[in-house]
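Before any comments, here is the structure.
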Amino acid sequence: MAARPRTAETREATVPISEDVVVVGGGIAGASAALSAAETGASVRLVTYKKSTMRFASGLIDILGYTPDGDGPVADPYDALGELPDNHPYSIVGEDAVREAFAMFDEVAGDLYLGGHTDTNALLPTHGGTVKPTARYPKTARHGLASDDRDMLLVGFESLPDFDAPLAADHMGAAGVPFDVDGVTVEFPERFRADAKVTRFAKALDNDEKSVRRRLAKTVESHLDGAERVGFPALLGDVKNEEVRESLSEMLGVDVFEVPMGPPSLAGLRLEDALFDALDEAGVRISAGNPAVGYETDESGERITTVLVDQKGRETPYHAEQVVLATGGLVGKGIESSREAVEEPIFGCHIPHSEDRYDWFDLDAFGDHPFAKFGVVPDDELRPTDAEGNVEFANLRAAGGIVGGADFAAEKSGSGISLATGLVAGRNAGTEATQ
Amino acid sequence: MSDAADPGSFEPVQVFPESGDMDLRPGADNCYKCTTCDTACPVAEVDDEFPGPKFQGPEQWRLKRKEDEAVDDSIMSCSNCMRCDDACPSSVPLSQMHNTARAEYVDEEMDKLSREYVRNRILANYNTLARLGSKVPRLTNAVMGNSVVQQINEKVLGITAERDFPEFAEQTFREWWDERGGPQVRSEEKRVAYFHGCYSNFNTPEVGKAMVRVFEEFGYEVVVPKQRCSGTPMFANGMLDDAKRAAGINAENFKGLIPEGYDVIASCTSCSMSLRQEYPELFDIDGIEDISNHTYEALEYLRIHEDIQGAIDEASVSEQSLAYHAPCHARNQGLDRQAVELFRELDGITIEDVGDSCSGISGTYGWKEEKYDKSMAIGEDMFDHMNHAEGNVGMTECPTCSMQMEHGTGYEIRHPLQLLEEALV
């Protein structure tokens, strides 16, 4: 649906920098909220501080890989949604919202991503050699599916310790994948400094510096040994990603795929680009580079009128009818913790936590950590509530990692929760602002 | 010392000896080595010798705690684009660390008679050069445009012969300002002090004139205090003493205006960056915080204080297509989207953002003979996007980005203020 054009008569004149909806946060949840708010015809501004945490992400988009009890991998995530506790973000927004959010994602991602043809989770190899259940994956990873029984070769590079191909291959073998998998570490044909950045590799392949693609194919050829597909770390070009992958595939005579990597992740960066292009296309205004630090309310104190953005020591007011908080969790710094307390720093929303900080975590590193589920407690419209269960502000909604109640790292549910809560928060905000 | 039993009085242990320098310890400790800054660094993407911002910042800072460790010479390959600042999710003051490390390297390790030092000093002090050159603009333009002179510059000084030296205007902005008799609008409430910087004074006075006319159109009293270079090229070359001198003069000339209700407006995003961030980060000068908190980029100021969107919605200009590039320093101030967002509503305008890559010139970086090829390699994405954009006029706020855009594509390059002038005045 195209955004409704705003005419001069409906525009609130006199007040500078004023929008129907201001979304705070530029990750997946913020992007989803801004897109769905724009679809209602509202004018939308997305305010984001630093580069988003998408570059920490593998680029895989999950719904649910494991249940909160640790069962899995889940075959059909939609089947498992009904079993989630009532305070889980998915339970609050409901299955339909999850489906709609993924339909929106599929439209935005276009042919960059695959997996939308089925409800069932795909199984993707990771750079650690584990097999991860996920709902959507970059097209460049498609020949790496663990459900495919063709023999596989993984290729790592001497100067890139982030991906140890022989180790990853051993792990996959031990996990019982239905094919033979080997790993080899080769010298990248161009000599970079020992700690060269992934962007340096990508740039060299993008530009095919000194025919590096051909030389790389030649290096790998002798290790093929009957493998029908070859996996490289996800740095096969940046802007010409698909072209690089295809030309390697052609020269090697087998299918080539990318293995999703840890941070800094080019696949995450490509996803960020796709989402921001979509925001641009939807007419969403974007202010990046400065943090939201505070707010102003109307006289009743119940409605936020202004989000304050710190522009290098000076607070610039961004006026809004509706506000969506999508600043992320502990990593994205939407939630801050000190030795005394856990806080949401912009609007001071209530985040339940034990007074004794030794209760915030489990002694087992891979145990059930309470901090993993820290976040605001939303009402059924995703408005954060205070300790008594009353909404904090009538026109503030929350989306993504800031919403408590799910251990997304253990469940493999982070991106799906972000998309679904973003969709609902953004749409409600937009609808209410334009009524 | 702290009472260990009471977590409320927790104090970090003092590991390193106290020093009189700026305390960068908390900044270094904030780094959790996610390497996001490294992926945002345009130099690390093309330069195999450059270890990236994470090394230049927190890691080098730690290494230097050891008495006999010198600053690594790779610091001189940092172009000071400051993208790492914008990238860091943990608020590590990377550019501040780079600036101090670079100054220390230049001070303590660089041979003051070396070609590199002399060349960098000349580039950093473009201000002085321009003041002399613009006295006889036609002669200077003829001399600097001479290919023999360019070859000599490259061979003797290490300034690339690939680039054409920017032409000096026949009348500087300040000469024009004096000729028109200063401010044409007087106001008690709406008043701004214009920091024009070197380039719009000596090379593109039309940008300065546009600034004055647009602000006067909105009823602002504009004053133009005496000023020196903002310091941007000096930071980038580790000439912190030169920068501090210039900053002192600028502070002296602007600080008295703030209590009188003036805000400081810059048309160059590196100038506003310098006044807002680098001055207070690097110098302890009387009035500097006050100036920093009252400095704005021109369009940013109008967006906050005027209904500029409303004015643009009602205006129109002749049909034109623009390829807009956001300078890195605009990006770091959160200003990278404002021109596109505003002008796409302007009748007659098709405007396209040519992507988020760095232009590659980074002030003086791309003028250095040994950096020229890298500068062009960084700029390749931008050139490519410009060539694919509709129309063949470029737009940017930064004078050196504009040189690079023109150099790589041959396009004419405009400043957003010029379009604003065309639309509103």
Side-chain angles (χ1 to χ4, degrees), chain A residues 6-8 11-18 45 47-53 55-56 190-200 202-204 206-207 209 238-239 263-266 269 273 276 280 283-291 309 311-314 316-317 331-333 339-340 357, chain B residues 7-8 10 34-36 38-42 44-52 55 85-91 273 276-277 280 289 292-296 300 302-310 313-314 330-338 340-341 344 353 355-357 377 380-381 384:
Chain A
R6 313 259 303 147
T7 64
R11 206 169 55 81
E12 302 255 332
T14 65
V15 191
I17 322 191
S18 176
R45 180 176 296 277
V47 181
T48 170
Y49 184 15
K50 299 291 183 170
K51 297 283 182 192
S52 86
T53 44
R55 64 193 58 213
F56 291 9
E190 266 208 83
R191 291 296 284 243
F192 299 142
R193 55 177 298 113
D195 64 344
K197 321 301 170 207
V198 288
T199 47
R200 181 71 192 93
K203 186 95 174 176
D206 262 349
N207 296 344
E209 287 172 17
D238 182 11
V239 284
S265 152
L266 280 167
L269 289 171
D273 287 346
F276 275 77
D280 210 7
V284 172
R285 299 189 169 127
I286 300 168
S287 297
N290 297 301
V309 173
Q311 255 155 304
K312 306 244 179 274
R314 185 182 59 229
T316 300
V331 175
K333 304 211 164 155
R339 288 173 166 251
E340 282 77 44
R357 69 186 162 91
Chain B
F10 172 79
C34 68
T35 64
T36 294
D38 286 342
T39 60
C41 175
E45 212 171 77
V46 298
D47 185 346
D48 293 329
E49 304 302 314
F50 189 64
F55 170 78
D85 276 357
D86 189 33
C88 177
S90 196
S91 303
M273 186 76 202
R276 287 165 93 163
Q277 182 176 325
E289 288 280 347
S292 165
N293 289 338
H294 285 88
T295 299
Y296 300 77
E300 174 192 26
L302 293 173
R303 279 177 67 238
I304 296 171
H305 293 97
E306 301 295 330
D307 183 20
I308 184 133
Q309 191 78 55
D313 284 352
E314 281 153 32
R331 200 171 288 283
N332 293 349
Q333 293 170 79
L335 307 176
D336 52 324
R337 305 262 317 179
Q338 60 176 13
V340 170
E341 281 177 6
R344 70 182 173 196
D353 192 317
D356 60 3
S357 68
E380 209 171 273
D381 278 351
D384 197 39

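In what follows, every chain begins at residue 1, and chains take the letters A, B, ... in the order their sequences are listed.
For the options B:Gln338, B:Arg344, B:Glu49, B:Glu289, heavy-atom pairs under 4.5 Å to chain A are most numerous at B:Arg344. Comparing B:Asn332, B:Asp38, B:Asp381 by heavy-atom pairs within less than 4.5 Å of chain A, the highest count is held by B:Asp38. Taking chain A as the reference chain and counting heavy-atom pairs below 4.5 Å, the highest number among B:Arg276, B:His305, B:His294 is found for B:Arg276. The choice from A:Pro263, A:Ala288, A:Ala202 that makes the most heavy-atom pairs within less than 4.5 Å of chain B is A:Ala288. With respect to chain A, the highest number of heavy-atom pairs below 4.5 Å among B:Asp384, B:Val340, B:Thr295, B:Ile308 belongs to B:Thr295. Ranked by heavy-atom pairs shorter than 4.5 Å toward chain A, the options B:Thr35, B:Ile304, B:Leu302 are led by B:Ile304.
Taking A:Asp206 as the reference, A:Asp238, A:Val239, A:Lys240, A:Val244 meet the side-chain contact (heavy atoms from CB on, under 4.5 Å) condition, with sequence neighbours excluded. Remark: B:Glu45 pairs with A:Thr199, A:Lys203 by the side-chain contact (heavy atoms from CB on, under 4.5 Å) rule, at least two apart or across chains.
In this structure, the side chains of A:Ile17 and B:Arg303 come closer than 4.5 Å at one or more pairs of heavy atoms. Two residues are said to be in side-chain contact when any heavy atoms from C-beta on lie closer than 4.5 Å; B:Ser90 and A:Lys333 meet this criterion. For the pair A:Arg193/B:Pro51, a side-chain contact is recorded, criterion being any heavy-atom separation below 4.5 Å from C-beta on.
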Please evaluate residues B:Asp48 and A:Arg200 with respect to the criterion side chain to side chain contact (heavy atoms under 4.5 Å, CB included), reporting the C-alpha separation (whole Å), side-chain torsions for both, the decisive distance (0.1 Å), and the verdict. CA-CA 8 Å; B:Asp48 293 329; A:Arg200 181 71 192 93; 2.5 Å; yes

Between B:Leu335 and A:Gln311, is the side chain to side chain contact (heavy atoms under 4.5 Å, CB included) condition met? List the steps. CA-CA 10 Å; B:Leu335 307 176; A:Gln311 255 155 304; 4.3 Å; yes

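Using modelled atom types, one side-chain atom of B:Glu341 and one backbone atom of A:Ile286 make a donor-acceptor pair closer than 3.5 Å. Judged by distance alone, with hydrogens and angles left aside, the side-chain atoms of A:Asn290 form a donor-acceptor pair with the main-chain N or O of B:Gln333 at under 3.5 Å.
Only the side chain of B:Asp336 comes within contact range of chain A, judged by heavy atoms closer than 4.5 Å. If you measure heavy-atom distances from B:Glu380 to chain A, the contacts under 4.5 Å come from the side chain alone. For B:Val46, the parts sitting under 4.5 Å from any heavy atom of chain A are the backbone and the side chain alike. When heavy atoms are compared at a cutoff of 4.5 Å, B:Asp353 does not approach chain A at all. Neither the backbone nor the side chain of A:Phe276 comes within contact range of chain B; no heavy atom of the residue lies under 4.5 Å from a heavy atom of that chain. If you measure heavy-atom distances from B:Glu300 to chain A, the contacts under 4.5 Å come from the side chain alone. Residue B:Phe50 touches chain A through its backbone alone, counting heavy-atom pairs closer than 4.5 Å.
In this structure, A:Tyr49 OH and B:Asp86 CG are separated by 9.5 Å, a value rounded to the nearest 0.5 Å. If you take CG on B:Asp47 and NZ on A:Lys197, they are separated by 11.0 Å, rounding to the nearest 0.5 Å.
In terms of heavy atoms, A:Asp280 sits closest to B:Arg337 at OD1-NH2, 2.8 Å. The two atoms that bring A:Pro264 and B:Cys34 nearest to each other are CD-O, 4.1 Å, heavy atoms only.
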